[in-house]
Amino acid sequence: MLWFWVLVLFTANLKLGLAHIHGGEQPLAKINILQTTVALHESASISAEPVLLGLKGEDTEWITVNFVNPKPSLDDWVGVFSPAKFNPSACPPVNERKKQLPYICSAPIKYKYANESSSCYAKTGTASLKFQLINQRADFSFALFSGGLSDPILVAISNPISFTNPKAPLYPRLAQGKSWNEMTVTWTSGYDIDEAVPFVEWGRKGDLQVRSPAGTLTFKQNSMCGSPASTVGWRDPGFIHTSFLKDLWPNFVYMYRMGHLLYNGSVVWSKTYSFKSSPYPGQNSLQRVVIFGDMGKAERDGSNEYSDYQPGSLNTTDQLIRDLDNIDIVFHIGDLTYSNGYLSQWDQFTAQVEPIASTVPYMIASGNHERDWPNSGSFYDTPDSGGECGVPAETMFYYPAENKAKFWYSTDYGLFHFCIADSEHDWREGSEQYRFIEQCLASVDRHRQPWLIFSVHRVLGYSSNDWYSQEGAYEEPMGRDGLQKLWQKYKVDIAFYGHVHNYERSCPIYQNQCVNKEKNHYSGTLNGTIHVVVGGAGSHLSKFSQLIPYWSIYRDYDFGFVKLTAFNQSSLLFEYKKSRDGKVYDSFTISRDYKDVLACVHDGCEPTTLAS
């Protein structure tokens, strides 16, 4: 019988490992760039304008690309390359025996088909395209290819174009520090510490501004665990700086800007931004939290989206931007960019979320598309990160973990206490992470912070996604085996998950049993934890099982996110909003007093004695 159970476990893990492959493919992975052949045609041409970008300090510009091909075809395409110059001498041989060097060994940062803007292109061979470029620390060129994506033939190369200052400090990302009154500012630039000293100038609005130093990190190609991150997907990430703004006064608006002090005494400044500092833990005031997973990124110019890989990403981003005045903190619980080893996508993601992340703390968790790679220490031996094995995520964003490679941490926001776990490392009973989870849940003072939230990328609780339902347990294998007793013992209110690209809410549940008959208005003791899948923020959607389990109260095959509003210590509003219109499609309230949190529940009672 042993061989039978080994086969069952192997099949289960294989299905889960392949689950995300079925729904989409990183668009840049479709390009067989190493097989490019060169057939530059004297009558073919491609040009881009304007040549100089960011003349008024912009970090994003629209570009017009005009091109002519005397032998046009329907599968012609235009790729955007950065840096602009192809350098075959830096390419590894395609054929080791023949020492044959490819002409291009770096994937483009984006692409479009040549006939996108003109249905007559295949006849006339003349067309133009609009691209949106962001400042990415290097110049750009545009290349016209025939032969489709699988057998590219280089026909023409454009003039280079660039931003006035490619090294400028850009794309700030706020995050909570290790204490409630600390905010961190992380940003990207082209300045190493031997060129300039990074810092943040900041202060309360209207007050004297002070300067805080920043640390600088980067990573190299040999930090990647495999291809494409270490080969065609590699692009220099620049330098990532983080400054710690300490001893903040609660609830104040602070202004800030990033600076680089050059050794000639001049300063290169970013734009000026602002944020509101966190409330004191336990402060009885209005507090609003947004939670989602698996958003990814998309291009506003329509490029790269031919595989429909992350169709809801921009809608979610734009809804959050529109409602930003009513959001205090954001949690993106894994699968951030879906770069999958194409490093240029990290810049594009940080640019996309900049209006949000520069204004409110943007807290992240680790997902399979950030971390997983065979023989790299990840719990799942899958290639989902494209060879990144966590390095870009751990460097590009700050989060208050004790060890950045162990992506678990706790953070406080007023009336909320958050325990963020890492499903890509072992969470099972007896593991280091299990001990952290229990310590995090046990450490909260529920009188001051009544709302206890657990979040992790994979569904360690409940989901009626089709592949989980095929396994019969409606969860990640081994998911809730040891964790559910912790959720129950410490009376976790809501557990959030991504990974499954849809929305689903359970009843308050413990050991597969609904422990509260209410569905929309909970009062008094919950008796169990409400489990919510909120992985539909942008990436291709995941199908549900045909059978609706008894514990599933609401499920939606659409893109969306969750918003929590704590009005005070006794009243919480939960809302699920669709990304396409921002309207509420599912909601519930919790009303209770402190005594309801203290109340004894099944397997969650404090020891008592009969002694007087």
Side-chain angles (χ1 to χ4, degrees), residues 18 20-41 44 46 65 67-82 86-88 90-119 121-123 125 127 129 131 141-158 226-235 296 298-299 301-311 338-345 348 369 383-387 540:
L18 296 176
H20 279 264
I21 298 173
H22 295 159
E25 180 183 4
Q26 162 57 250
L28 297 177
K30 295 185 173 187
I31 303 173
N32 194 4
I33 200 67
L34 294 178
Q35 296 302 318
T36 298
T37 56
V38 181
L40 298 175
H41 198 290
I46 182 169
V65 178
F67 49 93
V68 176
N69 187 354
K71 297 180 180 179
S73 62
L74 290 174
D75 59 359
D76 290 357
W77 57 282
V78 174
V80 185
F81 290 84
S82 180
F86 305 137
N87 184 12
C91 299
V94 172
N95 188 320
E96 284 288 351
R97 215 164 29 138
K98 297 181 179 179
K99 299 297 180 184
Q100 175 186 348
L101 292 177
Y103 188 76
I104 306 173
C105 58
S106 295
I109 62 174
K110 58 167 69 178
Y111 68 96
K112 283 188 176 188
Y113 283 102
N115 63 356
E116 180 183 283
S117 62
S118 174
S119 57
Y121 169 76
K123 294 180 180 179
L129 292 171
F131 285 93
S141 65
F142 300 80
L144 176 61
F145 293 88
S146 61
L149 303 179
S150 58
D151 191 22
I153 302 169
L154 181 61
V155 175
I157 306 171
S158 80
S227 181
S230 61
T231 57
V232 297
W234 170 255
R235 188 179 188 276
E299 298 294 334
D301 59 18
S303 58
N304 288 20
E305 289 306 304
Y306 305 105
S307 61
D308 208 27
Y309 192 37
Q310 293 147 114
Y338 288 91
S339 51
N340 295 4
Y342 291 87
L343 277 296
S344 63
Q345 308 301 285
Q348 293 168 15
H369 286 280
D384 293 356
S385 75
H540 54 278

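The minimum heavy-atom distance linking Pro72 with Ala122 is given by the pair CG-O, 3.4 Å. Between Val38 and Tyr103, the closest heavy-atom pair is CG2-CG, 3.4 Å. Heavy-atom minimum distance, Tyr111 versus Pro27: OH-O, 3.5 Å. Across all their heavy atoms, Leu129 and Ser117 have their closest contact at CD2-OG, 3.8 Å. Across all their heavy atoms, Tyr342 and Ala107 have their closest contact at CE2-CB, 3.7 Å.
Using a 4.5 Å cut-off on side-chain heavy atoms (C-beta onward), Cys105 and Leu34 make contact. Here the side chains of Asn340 and Asp384 are not in contact, with every heavy-atom distance at 4.5 Å or above. Residues Trp77 and Pro108 meet the side-chain proximity criterion, which asks for heavy atoms closer than 4.5 Å. Put simply, the side chain of Lys112 reaches to within 4.5 Å of the side chain of Ser303, judged on heavy atoms. Under the 4.5 Å side-chain criterion, counting only non-hydrogen atoms from C-beta, Gln310 is in contact with Tyr338.
Residues passing the salt bridge (Lys or Arg N to Asp or Glu O under 4.0 Å) test with Asp301, sequence neighbours excluded: Lys110.
Aromatic pair Tyr113/Tyr121: ring centres not closer than 6.0 Å.
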Show the atom names and distances, to 0.1 Å, of all donor-acceptor pairs under 3.5 Å that link a side chain in residues 145-158 to residues at least two apart or in another chain.
{"unit_1": "Ser158", "atom_1": "OG", "unit_2": "Phe142", "atom_2": "N", "d": "2.9"}
{"unit_1": "Ser158", "atom_1": "OG", "unit_2": "Phe142", "atom_2": "O", "d": "3.4"}

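Counting only distance, with no hydrogens or angles, the side chain of Thr36 and the backbone of Ile33 share a donor-acceptor pair below 3.5 Å. Arg235 contributes a side-chain N or O that, together with a main-chain N or O of Ser82, makes up a donor-acceptor pair within less than 3.5 Å.
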Pair Asp76-Asn69, side chain to side chain donor-acceptor pair (under 3.5 Å): steps then yes or no: CA-CA 9 Å; Asp76 290 357; Asn69 187 354; 3.0 Å; yes
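If you take OG on Ser344 and CZ on Phe81, they are separated by 11.0 Å, rounding to the nearest 0.5 Å.
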